[in-house]
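Hydrogens, waters and symmetry mates are skipped; everything else that's a heavy atom, side chains included, is used. Just follow the structure's listing: the first ligand is 1, and inside any ligand the first atom is 1.
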Amino acid sequence: MHDKTIAELSAALAGGDVTSLELVEAYLDRIRRLDASLNSFITVDADSARAAAREADARRQRGDAGPLTGIPIALKDIFCTEDLKTSCGSRMLDNFAPPYNAHVVAQFKAAGAVILGKTNMDEFAMGSSNEASVYGAVRNPWHRDAVPGGSSGGSAAAVAARLTPGATGTDTGGSIRQPAALCGISGLKPTYGRVSRYGMVAFASSLDQAGPMARSAEDLALMLEVMAGVDERDSTAADRPVPRYSEALGQSLDGLTIGLPKEFFGEGMDDGTREAVNAAVAEYERLGASIREVSLPSSHLAVPAYYVIAPAEASSNLSRFDGVRYGYRCQDPQGLDDMYKRSRGEGFGPEVKRRIMVGTYALSAGYYDAYYRKAQQVRRLIRDEFVQALAEVDVLMGPTAPTPAFDIGSKSEDPVQMYLSDIYTIAVNLAGLPAVSIPAGESGGRPVGLQLIGDYFDEGQLLNVADQFQRVTDYHKRAPAGID
Ligand code: GLN
């Protein structure tokens with residue numbers, strides 16, 4: 001059973017081949033046996049999962065089941081879950097059990113999905129390797145010495161190891177797509193505003209977006225149908241109908257035009273990654289697509305602009321953690337200043353502190369124009385170039401990450417090298433566009449991800465284009481060794 005996709009499990013539940021309770025017991029058992037060596041979960045919520053599974057089975061008996069009713073999923077530990085610890089990978093929130101559910105969580109519960117637990121992540125979603133978690137690094141199921149990517153590394157590793165058929169992630173600069181690529185699974189960052197951010201711990205609010213992580217594009221479609229939609233508690237959540245993404249799959253790619261941004265195939269790209277991406281492009285030509293080279297000339301400015309804008313927003317968002325209302329408070333504070341300083345000093349890890357310092361600097365009087373305003377101008381240029389390219393082609397295609405999974409410890413001392421892991425993903429967040437990463441082969445025995453970028457709110461086409469590839473290839477079906 002654990003090798004089945006969400007779509008297959010949904011059919012098995014509907015056909016009465018298995019109950020939700022049986023499925024949940026099977027996944028809980030796998031987590032117990034396999035996660036000690038992966039560290040992909042921070043919290044496993046076994047009792048509530050069993051209760052929710054029984055409820056889902058009863059609902060099915062009543063004839064009131066949808067596609068996700070009874071399907072187990074995991075949530076990145078950035079989504080607030082009522083009465084269940086939501087740590088965001090940080091000591092700051094290690095003691096935090098929110099009084100409410102995030103919008104995405106409420107939507108999954110209403111659909112009858114069963115929450116197995118909360119997955120590990122880089123602290124406050126800042127990172128590309130999952131080494132920056134106070135709960136320790138996550139290991140890549142394909143290669144235990146390698147990182148799973150980040151910041152949604154726990155979700156990616158759990159899906160790859162078949163500890164859950166699907167999981168949520170968040171993507172501020174690549175944190176769904178890059179770990180999906182490094183773990184050989186599929187992951188979608190929706191258009192900014194497609195999914196409500198209510199109840200998602202904020203990192204950089206103009207970039208953050210929640211999305212699904214699973215093994216196939218079809219499963220991403222099923223999850224997105226539940227996650228997407230308007231929500232009055234997030235004014236940036238778009239008031240647009242949510243298409244039945246899963247029903248719009250299966251369309252021919254004849255006549256599709258794919259643009260290859262030449263800046264995505266430059267220096268710094270690993271040879272095996274290049275070969276896998278070129279082979280995928282050739283596969284798309286066989287499927288009827290035509291290929292055209294396009295240019296996004298400001299691409300090289302994306303990482304520098306992001307590392308002004310994202311830390312600036314983070315420094316503001318994280319000012320709420322002051323040791324007063326919730327979260328970590330230091331022992332025996334000697335007055336208010338001491339409490340602020342030590343609570344934040346002890347509660348935040350080194351990468352979060354680095355971002356707060358960079359962001360505070362960039363926003364300070366005298367530097368605002370030189371850094372923050374300039375970065376916003378670059379952001380506009382990047383967006384305009386994407387809009388222009390997408391007026392000429394239907395989707396853009398390239399690698400998700402410049403290299404496959406790197407070894408644990410190999411970049412943790414060099415933040416700039418780490419930041420370059422997102423060189424192909426970050427511009428998409430700055431532009432607010434949707435993009436998906438799907439497995440497209442391997443390099444040196446480690447998975448390679450193919451990135452597809454679409455126009456605003458064009459998730460349906462993106463998922464169809466991804467799904468067509470998965471109908472003729474089996475990269476997304478491959479499982480890491482040693483997880484049975
Ligand atoms: N790796 C990037 C960063 O560290 C992106 C993180 C994310 O998308 N949450 O900021």
Side-chain angles (χ1 to χ4, degrees), residues 75-79 88-90 119-133 137-138 147-156 167-183 187-190 192 195 197 200-213 302-318 348-359 362 375 379 400-403 405-406 411-412 414-437 449 451 453:
L75 301 170
K76 183 178 183 178
D77 209 18
I78 196 170
F79 291 91
C88 225
S90 182
T119 57
N120 206 340
M121 56 181 286
D122 284 300
E123 184 175 6
F124 285 101
M126 297 172 186
S128 306
S129 70
N130 225 300
E131 293 166 287
S133 164
V138 176
V147 303
S151 64
S152 314
S155 287
T168 60
T170 60
D171 193 313
T172 302
S175 280
I176 288 175
R177 291 160 287 158
Q178 185 258 13
L182 270 47
C183 287
L188 171 76
K189 181 204 99 71
Y192 182 78
V195 177
R197 290 177 292 108
M200 233 169 77
V201 179
F203 164 11
S205 307
S206 77
L207 301 159
D208 297 343
Q209 190 55 200
M213 303 173 80
V303 171
Y306 172 90
Y307 278 100
V308 173
I309 293 168
E313 294 186 21
S315 71
S316 168
N317 273 325
L318 271 54
F348 290 135
E351 183 61 27
V352 174
K353 288 178 187 164
R354 176 160 33 232
R355 306 276 179 120
I356 291 173
M357 285 191 286
V358 170
R379 181 176 191 172
T400 306
T403 67
F406 44 91
K411 294 190 185 179
S412 41
D414 186 346
V416 173
Q417 273 310 308
M418 188 72 87
Y419 296 170
L420 290 174
S421 307
D422 295 307
I423 188 163
Y424 305 129
T425 48
I426 271 178
V428 173
N429 299 74
L430 291 171
L433 291 164
V436 64
S437 178
Q451 180 173 218
I453 304 164

>> Students should find this: residues with any non-hydrogen atom under 4.0 Å from ligand 1. What is the answer?
In response: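 Close residues (ligand 1, cut-off 4.0 Å): A125, M126, G127, S128, S151, D171, T172, G173, G174, S175, F203, Y306, Y307, R355, D422.
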>> Taking salt bridge (charged side-chain N to carboxylate O under 4.0 Å, His left out) as the definition, give me every residue that meets it alongside D122, ordered by chain and number, with sequence neighbours left out.
In response: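 With sequence neighbours excluded, D122 shows a salt bridge (charged side-chain N to carboxylate O under 4.0 Å, His left out) to no residue whatsoever.
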>> Tell me every residue that passes side chain to side chain contact (heavy atoms under 4.5 Å, CB included) with E123, counting only those two or more places apart in sequence or in another chain.
In response: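 Expected list: S90, F348, V352.
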> Rounded to the nearest 0.5 Å, what separation is found between the CG atom of N120 and the OG atom of S151?
Replying inline: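 Reported value, rounded in 0.5 Å steps: 10.5 Å.
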> Got a second to check how far S206's OG is from L430's CG, nearest 0.5 Å?
Replying inline: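 S206 OG to L430 CG: 8.0 Å, rounded to 0.5 Å.
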> Which pair of non-hydrogen atoms, one from K411 and one from Q417, has the smallest distance, and what is that distance?
Replying inline: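 Smallest heavy-atom distance, with atoms named: CD-O, 4.0 Å.
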> Residues two or more places apart in sequence or in another chain: which of them pass ring-ring contact (aromatic ring centres under 6.0 Å, His included) with F406?
Replying inline: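 Residues passing ring-ring contact (aromatic ring centres under 6.0 Å, His included) with F406: none at all.
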